[in-house]
Amino acid sequence: MENLKDQLSRLVGAALRDATGIADSDPNVITASRPEFGDYQANGVMAAAGRSGRGPRELAEAVVGSLRDDAGLIASAEVAGPGFINLRLNDQALMERGNGILGDPRMLIPPAGKPRKIVVDHSSPNLAKEMHVGHLRGTVIGDCLSLVLERLGHEVIRQNHVGDWGTQFGMLIAHMREIGEDSDLLRTELEDLESFYQAAKKKFDADPAFADRARLSVVKLQGGHPDYLAAWRIFIDESLRHCQDIYARLGVGLKLADLDAESRYNDDLEGIVRQLEEQGLLRESQGARCVFLPRFKGKEGEPLPVIVQKSDGGYLYSTTDLAAVKLRSHDLAADRSLYVVDARQSLHFQQVFAVARAAGMAANMSLEHIAYGTIMGSDGRPYRTRSGDAVKLADLLDEAVSRAFELVSVKNPELDESERRRIADTVGIAAVKYADLSKNRMSDYVFDWSTMLSFEGNTAPYLLYACTRIKSVLRKLPNESGAGKIKTLVLAEERALLLKILQLPEVVALVARECYPNLLCNYLYELSGAFMRFYESCPILKAEAETRDSRLGLTLLAEQALEQGLGLLGIRTLERM
RNA sequence: GCGCCCGUAGCUCAACGGGAUAGAGCAUCGGCCUUCUAAGCCGAGGGUUGCAGGUUCAAGUCCUGCCGGGCGUACCA
């Protein structure tokens with residue numbers, strides 16, 4: 001089913017074309033900026049007036065006059081201000097739409113027209129170290145986008161492009177070999193990847209002989225020496241266990257099967273360079289093999305290369321990323337490839353995408369860098385703890401869950417401990433995810449424990465609380481009364497809630513297109529607010545039978561919208577909290 | 001130097017590719033629990049959207065120039 005905004009755009013658009021004769025005039029329908037203007041407003045008349053040489057108000061009147069609305073969706077269309085058309089929807093049509101969805105909740109978010117195959121590259125931690133708060137954004141944004149695209153019927157291929165092949169693994173392997181690869185000591189040491197890395201780094205910086213062994217280890221590893229590969233494997237497996245543990249706690253859908261490790265491309269890199277050479281794109285400069293593209297300029301305006309092979313013969317992440325582009329385009333046959341990666345890598349991706357296009361590596365695939373801003377400390381610098389290390393993601397989650405546990409224990413002491421633990425787990429994790437997802441992904445944001453772990457206002461607990469209120473009502477429902485159809489919208493809060501619910505598919509479509517999860521968060525917060533106001537002002541169970549059944553229908557629909565919407569954020573709902 | 005991103009209430013953030021009177025939360029102040037969970041609801045105060053121009057019916061949003069911040073800018077990822 002067409003969503004409300006699309007349907008209105010189509011209707012007003014047709015009328016606008018009739019009135020102006022201009023084929024591509026955009027009605028520019030948006031949700032009303034103020035409730036007194038109605039439900040939606042069409043802003044496109046004023047722009048069209050300029051193009052057709054007519055007065056905007058007069059044209060708006062003409063558009064309203066030629067509006068054909070056979071389905072009876074529009075209750076009123078009024079010209080206002082300089083040439084806005086304010087649209088109010090018909091209550092009956094809204095209720096019919098709502099009742100239709102009650103019969104088939106999947107229709108709340110209908111599938112997109114054309115299913116596509118879409119790669120979503122996200123999370124991509126460096127396996128040399130433990131995941132820290134900086135990895136949260138890419139992980140949860142990518143997860144949300146994957147869920148949204150899947151929900152719309154697209155085939156999503158998640159790719160976790162973990163860093164498992166860089167020079168730092170030489171250092172780690174050298175350190176492992178000194179501890180003893182089979183020793184129990186190593187096993188315990190590896191339990192804290194972060195301190196293991198720090199220890200190796202310390203030796204690397206302090207001991208030149210160790211540094212040499214580390215460098216040699218990289219060469220051995222990448223050359224395929226079995227002992228070094230075995231040591232590497234032990235470390236990688238341990239690190240991956242840690243990542244999967246974090247994903248499981250976060251409720252993020254990334255699986256081991258989604259791994260797209262850098263090491264996977266080791267054998268393809270030579271071929272990538274050869275291909276570029278055969279295509280005449282390669283040039284040697286200062287001993288390195290590079291692709292020069294005119295749009296990229298360096299410090300003094302001199303040409304800036306994309307280096308694909310270092311002067312020592314080694315390959316770089318550009319080369320790996322090109323190999324990945326090729327795989328995604330040719331082998332996976334994706335239509336769209338999204339890279340959910342830190343904005344600081346914009347230039348890198350511009351370069352990789354440009355080289356890939358020049359080399360015809362992604363002929364039928366769009367390449368999109370879904371950039372996100374940096375997490376900053378209160379000092380305005382990228383986030384670090386006092387000791388200079390980033391906060392571990394695991395520690396943030398622990399803290400969130402423990403604060404949630406304290407709170408639920410105060411709010412609901414009568415629940416037994418295991419249930420409070422379960423609630424705390426959901427609430428704490430959801431709060432952290434939502435704190436990140438609800439911000440515009442492009443802006444840098446200041447990491448702050450109290451914002452991150454806030455449980456009031458525009459937070460996940462607010463949304464979850466709305467759900468528990470719904471579920472509590474439904475639990476108390478007498479057996480004989482079933483889910484009623486929505487029959488009346490007497491109070492403004494009822495109508496506002498229904499309209500808000502029916503707007504979910506518009507938002508989901510927008511998120512799929514623009515890749516901004518915060519739009520979905522904003523919407524769900526407004527939806528929850530609409531439900532809270534409905535709940536506070538409209539008695540449900542205590543209402544007289546017909547009203548009660550109608551409000552129950554509305555409540556069920558709200559439950560669906562909240563549950564499905566939260567599901568797209570990767571947040572599970574709760575029965576009570 | 002050049003490039004990208006950003007500057008909105010005391011703080012943290014919104015504002016649906018230019019729309020009408022810039023909205024929330026936190027914090028502050030005041031009201032609402034013998035009625036479906038008060039992690040809630042209602043209300044108050046708080047703004048020259050960094051500054052200055054420009055474009056047009058309309059600018060937080062687009063253009064230009066400043067000021068301030070972050071990041072990037074040839075062999076790390």
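Only heavy atoms go into these numbers, but all of them, side chains included; no hydrogens, no water, no symmetry mates. Naming: A, B, ... by sequence-line order, numbering from 1 per chain.
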In Watson-Crick or G-U wobble terms, both distances under 3.5 Å, what is the partner of [N]?
{"N": "B:rA22", "result": "none"}
{"N": "B:rG3", "result": "B:rC71"}
{"N": "B:rC51", "result": "B:rG65"}
{"N": "B:rG40", "result": "B:rC32"}

| task | Verify the contact: side-chain N or O of A:R469 to OP1 or OP2 of B:rA38, cut-off strictly under 4.0 Å; return yes or no. | result |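 The answer is yes; a side-chain N or O of A:R469 sits under 4.0 Å from OP1 or OP2.
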| task | Return the value, rounded to whole Å, for the distance between atom CG of A:L316 and atom P of B:rA74. | result |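 Rounded to whole Å, this separation is 12 Å.
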| said: Regarding A:E563 and A:K471, does a basic nitrogen lie under 4.0 Å from an acidic carboxylate oxygen? | reply: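 Salt bridge between A:E563 and A:K471, a charged N being under 4.0 Å from a carboxylate O: yes.
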| said: Can you tell whether the side chains of A:R88 and A:E78 come within less than 4.0 Å, N to carboxylate O? | reply: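 Here A:R88 does not pair with A:E78 in a salt bridge, since their nearest N and O are not under 4.0 Å apart.
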| task | Pick the P atom in B:rA22 and in B:rU37, then give their distance to the nearest Å. | result |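 Result for the P pair: 39 Å, nearest Å.
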| A:S33 side chain: which of B:rA20, B:rC41, B:rA15 is closest? |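 Of the options given, the side chain of A:S33 lies nearest B:rA20.
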| B:rC71, B:rA74, B:rU37: which one has an atom nearest the side-chain heavy atoms of A:L304? |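 Closest of the options to the side chain of A:L304: B:rA74.
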| message | Regarding A:Y434 and A:N458, do their side chains bring together a donor and an acceptor under 3.5 Å, going by distance alone? | response |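 The answer is yes; a qualifying pair exists.
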| request: Could you pick out which residue, A:S537 or A:P461, lies toward the 5' side of RNA chain B when each is mapped onto its nearest nucleotide? | output: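 Its nearest nucleotide lies further toward 5', so the answer is A:S537.
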